[in-house]
Amino acid sequence: MLTLLVFAFLGLAFAENGIDGWLRYASLPRDVAAGARIPGVIIALNDSVVSPIFTAGRELQKGIAGITGVQLKVSSTTTGNTSSITVGTLDSVASAAGQVANLPELTGDGFYLDTTGSGARIIGHTERGALYGAFEYLSMLAQGNFSEVSYASNPSAPIRWANQWDNLDGSIERGYAGPSIFFKNGAVVSDLTRVSQYARLLASVGINGLVVNNVNAALAANIPLLNSANIAGLGRIADAMRPWGVRLALSLNFDAPRNNGGLATSDPFDSAVIKFWDDKTAELYRSIPDLAGFLVKANSEDQPGPLTYNRTLADGANLFAKALKPHGDGLVMFRAFVYDHHLTEDNWKNDRANAAVDFFKHLDGQFDDNVVIQIKYGPIDFQVREPPSPLFANLLQSNVAIELQVTQEYLGQQNHLVYLPPLWKTILDYDLKVEGQSSVIGRDILTGHRFNRSTNGYASVINVGTNTTWLGHHLAMSNFYAYGRLAWDPLRDETQIVEEWAHLTFGSDRKVIDTITDMSLESWPAYENYTGNLGIQTLTDITGPHYGPNPASQDGNGWGQWTRADATTIGMDRTVWNGTGFSGQYPPEIAAKYEKIETTPDDLLLWFHHVPYTQRLKSGKTVIQHFYDAHYAGAETVQSFPERWASLKGLIDDERFNEVAFRLEYQTGHAIVWRDAINEFYRNMSSIPDDQGRVGNHTWRIEAEKMTLSGYQAVSVTPFETASGRKAITTSSNQTTGTATATLDFPSGVYNIGVNYYDVMGGRAKYEILLNGQTLGKWEGNLEDKLGNTFSSQLNGHSAARVYFKGVNVEKGAVLTIRGTPDGGEPAPLDYVSILPIGRVD
Ligand code: GCU
């Protein structure tokens, strides 16, 4: 056993780009490292480079060197050194060192970790399990925890997959961190370094399968997936991931027999179609011997499926199940996200939320045993709050997996900090009380215990990209980390998870950990507050990029994310007695609760009921006043983030510090855009004023269209609520600089100045702000270069943004000027200027 005294160095302030995520193995502070007890050698009981045990040996070596500075040797056989870290499977450890006495029970990819005595033993139930145990041990060391432990850890469920929605052209559907690490120009990329790095991150949190391509596999760009060059390329991806125990799976295009096989039909009962899939599957297995299976999105959002051929969804799923069966344990993850997106809102009884149960319940028991129904957590689509999908209570004889989303579609697209586990926990901890018995989704249903299933689990859309941060926002990585942790153990506490992640990602400073933890825990409630409350959904632009506010887009189309808001009422009546009947899809006890307004919790009131804006909540407020207040409260919470983050300067490397600081500052501005848009929209619709007089009254605001303009003109903005006062200004030509001027009529003092502008695609306009002719600052309309999501070429809630100039001395009567120089398609748009006394949130 080596004792560490001299070689620990202070692990601060190296620039870091995020590529290692939480696996940085940063050197421990000297005082902490002094307590380290590190064995003298690593024995990894498999010397094949593709073995996860071999990987574990190398990872232990690398991690221990980083954390403690000690360079250990790795051997694949016992060395006689009594102080060793031994990593292997039950069998390999038994044959190398004899039977292990009193070993706790191991299941699935579980492991046993024992650090008592002079060495450490890491024993996997599978090779993958051994690797997980090694990561667990390293995680302890990286957190300066050298305690003696001896325990087994078993996964809650066998399926712990990630889904990438990558297209073959390299774009990623709902990906916000650059193009694909897997594909480019219709083929698999040649350099797969990033793929191995991704597999390492996945493995470190227990994820064992990865679907590498978009569920929308029938998109034209994705049709070549199954050609021979791509099958060979997929084989290379699988090779890159195999040492990490991550198995590859594919999204399939149901119409591939027609699109790739030259057949006239894709009917699952047609013998040529069956042969096509049998042959393709065999070809895939030749390239990927451990193929994990297929993911199928059928008859949904214009994707083809068995219903097209008058066959059932079960017939479609079983077609693939039978093709996989002869080759081993491959699974068909068949998505329950099937619904009609041409519903008419005129019919009060229509409801997209009913779709999953309507489509799947009667098929329960008809799926082959290697089919798993993959169910989104809520009945609609990754909204900021939804009740759990009732399908979990309706499939008692089928394998099921929950589908979560790490990529923040509808949830701020990684430009907003939104720590998601508290949202996921509202589902995982939910007791559906099926047949009157305890049926908690995470603990009882997904584990398989409740309905005696052995092939249940988890999938999450992650959508990492080539950006070195993986997800665009360094802080968004906590969602990735937490997903793996919760799939392993859904009972884990979300606070503990983020603390652990922050420690590993940013170091051991208590202030850093606490600040990140607190902000993360406040972030989802804040986001819900400033986007959509009381179960009304995210209120984003659902026909566009699902990013900025556009409540009107929810209604009047077939997508079914309706709010049914009119001048006096709002909400979906999903009761059995008078509405769509959705509440009746839950078991009786739950159904009864949601059937009545009095027993429906406030946070889902508008999900289940259509009520007047003046309806009183349990809190005593009216619905409309709750909207106003929540939007103010949510936006206010995030205003504090930049300052709290700033207090960490010097405690985190500058590169990550600055990148996070930039996004948090951006979020403060966009939260205000959200707040004002939603409040204006509903004030306009309901004609009910805010009883605190805030909505529509902005004492400290100067509308751009009311300034003295030269080379600028006023324009109307659509949707109206995404411009203060409904109007903005744009330069009159795309060549010449425009000027907007105002004399400030505020008492002399120190102010924070916020300028709201629109950062549209298609140009990088330049702006300058001056006070009495002196430059206060400059900025550029270049968010499309700095943020990872697709912006808009229009002035609206996606492009609306704010910059700040803080602590400015303003004399009463001073002249404020903004100069905007257009560039390409960006006419230097401005909405308003806020001159805010310090501490005031607009
Ligand atoms: C959402 C998302 C789509 C995606 C779909 C799915 O509707 O916006 O991009 O294809 O979900 O999960 O299949």
Side-chain angles (χ1 to χ4, degrees), residues 161-169 171-177 180 211-222 225 249-255 294-305 307 313 316-317 332-343 352-353 355-356 359-360 372-384 386 389 391 401-414 420 427 458-465 483 531-532 537-548 550 553-554 557-562 788-790 792 798:
W161 286 19
N163 292 179
Q164 286 286 136
W165 284 355
D166 295 32
N167 297 312
L168 294 192
D169 62 6
S171 61
I172 304 179
E173 176 143 350
R174 316 296 175 191
Y176 312 112
S180 174
V211 179
V212 291
N213 63 312
N214 192 355
V215 281
N216 294 317
L219 290 177
N222 294 328
L225 176 74
L250 289 178
S251 294
L252 292 185
N253 165 14
F254 197 87
D255 251 349
F294 300 137
L295 174 63
V296 184
K297 172 178 180 179
N299 291 114
S300 165
E301 300 183 334
D302 293 326
Q303 295 294 298
L307 301 178
L313 293 170
V332 180
M333 305 294 286
F334 199 82
R335 294 179 90 224
F337 187 64
V338 180
Y339 71 101
D340 173 6
H341 68 271
H342 301 288
L343 283 182
R352 169 174 165 186
F359 276 105
F360 283 86
V372 181
I373 308 303
Q374 181 167 317
I375 307 169
K376 286 193 183 184
Y377 62 80
I380 297 273
D381 193 11
F382 304 133
Q383 298 302 297
V384 70
E386 296 188 52
S389 170
L391 192 56
I402 194 169
E403 183 174 309
L404 302 172
Q405 223 189 21
V406 164
T407 193
Q408 292 170 230
E409 181 190 3
Y410 296 105
L411 295 168
Q413 304 190 350
Q414 286 116 260
L420 294 170
I427 310 291
Y458 292 76
S460 177
V461 187
I462 298 189
N463 289 356
V464 300
Y483 164 62
T531 60
Q537 307 169 85
T538 305
L539 297 177
T540 185
D541 184 343
I542 66 134
T543 55
H546 300 182
Y547 181 59
N550 187 354
S553 73
Q554 311 282 130
N557 56 53
W559 292 100
Q561 295 186 216
W562 304 326
N789 58 330
T790 313
S792 172
H798 313 301

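Both counts, for ligands and for their atoms, begin at 1 and track the order of listing.
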Treating [X] as the side-chain partner and [Y] as the backbone partner, does any N or O pair qualify as donor plus acceptor under 3.5 Å?
| X | Y | value |
| --- | --- | --- |
| Thr538 | Val384 | yes |
| Gln303 | Ala218 | yes |
| Glu403 | Tyr458 | no |
| Asp541 | Ser553 | no |
| Gln383 | Leu539 | no |
| Gln414 | Ala177 | no |

Where ligand 1 meets [X] - atom numbers and elements under 4.0 angstrom, heavy-atom basis:
| X | answer |
| --- | --- |
| Arg335 | 6 (C), 12 (O), 13 (O) |
| Glu173 | 3 (C), 4 (C), 9 (O), 10 (O) |
| Val215 | 13 (O) |
| His546 | 8 (O) |

Which option wins on minimum heavy-atom distance to atom 11 (O) of ligand 1: Arg174, Glu409, Lys376?
Lys376
Mind checking whether [X] has an N or O less than 3.5 Å away from an N or O of ligand 1?
| X | result |
| --- | --- |
| Tyr410 | no |
| Glu301 | yes |
| Tyr339 | no |
| Glu403 | no |

Within the 4.0 Å heavy-atom cut-off, what Asp381 brings close to ligand 1 is side chain
If you measure from each non-hydrogen atom of Asn216 to ligand 1, which part falls under 4.0 Å: side chain, backbone, both or neither?
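Side chain only.
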Under 4.0 Å, counting heavy atoms only: does Gln303 come that close to any atom of ligand 1?
no
Where Phe382 and Trp165 come nearest, the two heavy atoms and their spacing
CE1-CH2, 4.0 Å
Would you call the rings of Trp559 and His341 parallel, tilted or perpendicular if under 30° counts as parallel and over 60° as perpendicular?
parallel
